[in-house]
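This report refers to the structure that appears directly beneath it.
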Amino acid sequence: MSVLNADLHCHSTASDGWLAPADVIRRAHANGVELLALTDHDTLAGLDEAFGTARELGLNLVAGVEISVTHAGDTVHIVGLNVSPSNPVLLAGLASVREGRSERARRIASALEQVGIEGALEGAGRFAHNPEMIGRAHFARHIVARGLQPDVGSVFRHYLAKGKPGYVDHEWARLSDAVSWIRAAGGIAVIAHPARYRRTSLQMDALFDDFVACGGEGVEVVSGSHTSDEVSRFAGYARRYGLLASRASDFHGVNESASDLGGCAPLPAGVEPVWTRFASANRH
Ligand code: AMP
Ligand code: MN
Ligand code: MN
Ligand code: MN
């Protein structure tokens, strides 16, 4: 029996991935991925290049995005799959999310300065290909490059995770807005890596209730960051809430991701794969 090697969440240099969009496509193709979605944070800027290379190699690609959302005081990520990349509602919504990022980056830099890390804004900027897109991953890479921490994971644990000295509060998009932009662009909204949200079971249910109420249709059951217990748990959520199931590496780069492109576990039995809803891929 063959199972489609679909990978519906990954990043390029258009946000905080290490590889250019064309190189993400080449690596996915070399790894045997049969259906890919490029889902950069809050931008569609990598898609043109990605589609060019996908066409050359004959890789099925769908347009995607990962939108930063604030829900019940916490950040959650909503992936939009198979969106139309020229939809004005989606483009305007994403531009509004990006607007807050530069100012947030300045606040992160001053928070880091308070604990003795100077010049972090310039340093992070050297790792970002677009100054509008500076995020915590770029700060983390700078701090590693300066030799202050051994790896990005440990920078997050010491400085950038919620409650740590370099963490600043920020108001991202509303859940209902993010879902409606994705739907306006003809896409399917999917809750990204749900096991990564620190929520009680009641709070998790509230997220799923609200998500379904505003038109969300899918959840990442398999994510590069999910353990097999977490896969089972969110397969249960998919069934209970009638959601489509996605499979996603969340690849950012070779040394920074739990899973390589196409490398995560297959979807478990008893859930409906989200890609059964894609009319056709690579149709950009
Ligand atoms: P931001 O959108 O600026 O808050 O950055 C979020 C990104 O930071 C995520 O998409 C990951 O790329 C990265 N990230 C978040 N938490 C961690 C972590 N614990 N270890 C490594 N990278 C992380
Ligand atoms: Mn990221
Ligand atoms: Mn994410
Ligand atoms: Mn991601």
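Positions are given from 1 along the sequence. When a ligand or atom number is given, it counts from 1 through the structure's own listing order.
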Does ligand 1 come near enough to H77 that some N or O of the ligand is less than 3.5 Å from an N or O of the residue? no
Distance from atom 12 (O) of ligand 1 to nearest protein heavy atom, with residue and atom: H252 NE2, 2.9 Å
Tell me whether E122 is salt-bridged to R126, with the criterion being a basic N under 4.0 Å from an acidic carboxylate O. no
Close N or O approach (R104, ligand 1; < 3.5 Å): yes
Could you confirm whether H9 has any N/O/S atom lying under 2.8 Å from the Mn ion (ligand 4)? yes
Check whether more than 12 heavy atoms from other residues, nucleotides or ligands sit under 6.0 Å from atom CZ of R174, and answer yes or no. no
Heavy atom of R101 under 4.0 Å from ligand 1? yes
How does H41 reach ligand 1, if at all, at less than 4.0 Å between non-hydrogen atoms: by side chain, backbone, both, or neither? side chain
Give a yes or no on whether R198 atom CZ has more than 12 heavy-atom contacts from other residues, nucleotides or ligands under 6.0 Å away. no
Presence of N, O or S from H193 under 2.8 Å of the Mn ion (ligand 3): yes
For H11 and H41, I'd like to know if the aromatic rings sit close, meaning centre-to-centre distance below 6.0 Å. yes
Electrostatic pair D151:R141 at N-O distance under 4.0 angstrom: no
Is a salt bridge present between D205 and R199, judged by a nitrogen-to-oxygen distance below 4.0 Å? no
Heavy-atom proximity to atom 17 (C) of ligand 1, best of F156, W172, F139, Y167: F156
Where the closest heavy atom to atom 6 (C) of ligand 1 is concerned, which of R157, R141, R136 has it? R136
Give the atom name of whichever N/O/S atom in D250 sits closest to the Mn ion (ligand 4). OD1
Between F208 and F211, is the ring centroid distance below 6.0 Å? no
Can you tell which of L81, V62, V65, L8 makes a side chain to side chain contact (heavy atoms under 4.5 Å, CB included) with T39? L81
With E103 as reference, evaluate R107, R106, R101 under the salt bridge (Lys or Arg N to Asp or Glu O under 4.0 Å) test and give the passing residue. R107
So if I count the atoms of ligand 1 from 1 in the order they appear, which ones are less than 4.0 Å from some heavy atom of D16? 7 (C), 10 (O), 12 (O)
Can you tell me if, anywhere in H11, an N/O/S atom lies at a distance from the Mn ion (ligand 4) that is smaller than 2.8 Å? yes
For the Mn ion (ligand 3), which N, O or S atom of E66 is at the shortest distance? OE2
With a cut-off of 4.0 Å, which atoms of ligand 1 are near a heavy atom of G135? 3 (O)
Is any NZ, NE, NH1 or NH2 atom of the basic residue among E56 and R26 found under 4.0 Å from an Asp or Glu carboxylate oxygen of the other? no
Kindly give the atom name of the N, O or S atom of H77 closest to the Mn ion (ligand 3). ND1
